[in-house]
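One structure below.
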Amino acid sequence: MPEEARLIGRVCPVCGQSVIVRRTPFQLCAGDSVLPCPCGKSELRIAQLGDRCEITVPCLLCARDHTAVCSNEALVGQRLLALSCPQSGLGICCIGEEGPVYQAMEKLEQAVDKLREDDAAESRGSFLNGAVMSEVLEELRDIAQRGGVSCGCGSRDYGVKVGYAAVDLVCAACGAALRLPAACPDDLDGLCARYTVTIPGRKA
């Protein structure tokens, strides 16, 4: 049924075009899927592994394919499933309901536009958006100073890994991580709206 359809969005690393395709849950879970860009030079692949699936996405930043494994329940039921480049933290693919996917794609397109501007000016720096990254780190520092950063395992000890377009908080006790995007002003607004930040703990 149309209301059950899932949208899959990404930006082709070859032609730079935004690609959004629509598939029903049945189509996604019935077998393997290959979703090419209209330019024919890149493709997203979903391989079925029983109750799980393996999603392989070509990365627009590092020109490599990234693979993630998730449950089929998340693939067809999660409001928004976002995959990112593990090195940079930049989002590269989103799967989910129409509204959240279009919002995520708008942010991704903004990030890609910024990349193109920096490359054209030969001014790509340490971060996708240095001003946003600086403000995100400052806001995170404020939240931490009021004791607002913790982990679901109960620990309040954590480390910070700063990437090109995101900040990872890593629990020192259980090793769980939380990725905070820092690519565009909306990411900063999202963090500013939070009084606390909780890393999803994991059991040993």
Side-chain angles (χ1 to χ4, degrees), residues 1-13 18-37 42-62 64-109 111 150-153 161 163 165-171 174-184 186-187 190-191 193-194 196-204:
M1 295 174 62
E3 65 269 17
E4 294 179 343
R6 306 288 284 170
L7 266 60
I8 303 164
R10 66 183 179 96
V11 174
C12 174
S18 293
V19 183
I20 299 178
V21 297
R22 189 181 296 267
R23 291 291 184 273
T24 66
F26 177 78
Q27 286 174 316
L28 291 174
C29 295
D32 297 348
S33 301
V34 178
L35 308 175
C37 175
S42 78
E43 61 185 27
L44 180 149
R45 300 184 302 277
I46 302 175
Q48 281 299 326
L49 308 169
D51 61 348
R52 296 172 299 124
C53 66
E54 187 176 81
I55 306 170
T56 301
V57 187
C59 182
L60 58 93
L61 189 70
C62 67
R64 283 186 278 182
D65 288 353
H66 298 309
T67 300
V69 176
C70 74
S71 67
N72 281 329
E73 184 179 358
L75 178 68
V76 302
Q78 202 160 300
R79 193 163 180 266
L80 180 67
L81 183 65
L83 308 179
S84 60
C85 169
Q87 295 179 344
S88 67
L90 184 68
I92 56 173
C93 175
C94 48
I95 302 171
E97 298 173 4
E98 183 171 315
V101 167
Y102 277 117
Q103 288 176 359
M105 285 300 294
E106 185 177 347
K107 289 177 61 176
L108 177 54
E109 287 164 1
S150 63
C151 180
C153 75
K161 292 182 180 178
V167 177
D168 290 335
L169 302 183
V170 183
C171 176
C174 72
L178 173 67
R179 172 157 287 175
L180 300 172
C184 64
D186 284 351
D187 295 332
L191 182 61
R194 300 168 69 165
T196 63
V197 175
T198 304
I199 303 168
R202 67 184 182 203
K203 298 177 180 178

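Computed from heavy atoms alone, side chains included, the values below leave out hydrogens, waters and symmetry copies. Because the structure is a prediction, the values reported are computed rather than measured.
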Can you name the residues that form a side-chain hydrogen bond (donor to acceptor under 3.5 Å, both in side chains) with T198, not counting sequence neighbours?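 Residues passing side-chain hydrogen bond (donor to acceptor under 3.5 Å, both in side chains) with T198: none at all.
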Just to verify, what does A166 make a side chain to side chain contact (heavy atoms under 4.5 Å, CB included) with, not counting sequence neighbours?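 A166: side chain to side chain contact (heavy atoms under 4.5 Å, CB included) contacts with R179.
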E73, CD atom: more than 12 neighbouring heavy atoms under 6.0 Å: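 12 or below, so no.
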Distance-minimising heavy-atom pair for [X] and [Y]:
X    : Y    : value
P181 : D187 : O-CB, 3.2 Å
V76  : C29  : CG1-SG, 3.6 Å
C53  : Q48  : CB-NE2, 3.8 Å
G9   : M105 : C-SD, 3.5 Å
L75  : L81  : CA-CD2, 4.3 Å
P13  : P58  : CG-CB, 3.8 Å

Let me confirm one number: the [atom1]-[atom2] distance from [X] to [Y], rounded to the nearest 0.5 Å.
X    : Y    : atom1 : atom2 : answer
C59  : D65  : SG    : CG    : 9.0 Å
L80  : R6   : CG    : CZ    : 8.5 Å
C85  : H66  : SG    : NE2   : 3.5 Å
I46  : C93  : CD1   : SG    : 7.5 Å
L169 : C151 : CG    : SG    : 10.0 Å
C94  : L7   : SG    : CG    : 8.5 Å

Looking at T67, I8, L35, L44, which hits side-chain contact (heavy atoms from CB on, under 4.5 Å) with V57?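 Checked T67, I8, L35, L44 against V57; only one passes side-chain contact (heavy atoms from CB on, under 4.5 Å): L44.
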Note, I92 side chain near L108 side chain (heavy atom, < 4.5 Å):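 Heavy-atom side-chain distance check fails, nothing below 4.5 Å.
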Donor-acceptor under 3.5 Å (Q27 side chain, T24 main chain):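 Judged by distance alone, yes, a pair lies under 3.5 Å.
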Does the N72 side chain pair with the main chain of G50, one donor and one acceptor, at a distance under 3.5 Å?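 Yes, the answer is positive, given that a donor and an acceptor are paired below the 3.5 Å cut-off.
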Test side-chain hydrogen bond (donor to acceptor under 3.5 Å, both in side chains) applied to Q103 and D186, step by step: CA-CA 11 Å; Q103 288 176 359; D186 284 351; over 6 Å; no
L178 and V170: CA distance, side-chain angles, deciding distance, side chain to side chain contact (heavy atoms under 4.5 Å, CB included) verdict: CA-CA 7 Å; L178 173 67; V170 183; over 6 Å; no
Start with the C-alpha gap between S18 and R10, add the side-chain angles, then the distance that decides, and say whether side-chain hydrogen bond (donor to acceptor under 3.5 Å, both in side chains) holds. CA-CA 6 Å; S18 293; R10 66 183 179 96; over 6 Å; no
Is the shortest distance from a Lys or Arg side-chain nitrogen in R45 or E43 to a carboxylate oxygen in the other one below 4.0 Å?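 A salt bridge links R45 with E43.
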Which residue pairs pass the side chain to side chain donor-acceptor pair (under 3.5 Å) test when at least one of the two sits in residues 89-102, sequence neighbours left out?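 Counting only pairs at least two positions apart or across chains, the side chain to side chain donor-acceptor pair (under 3.5 Å) contacts touching residues 89-102 are R22-E98.
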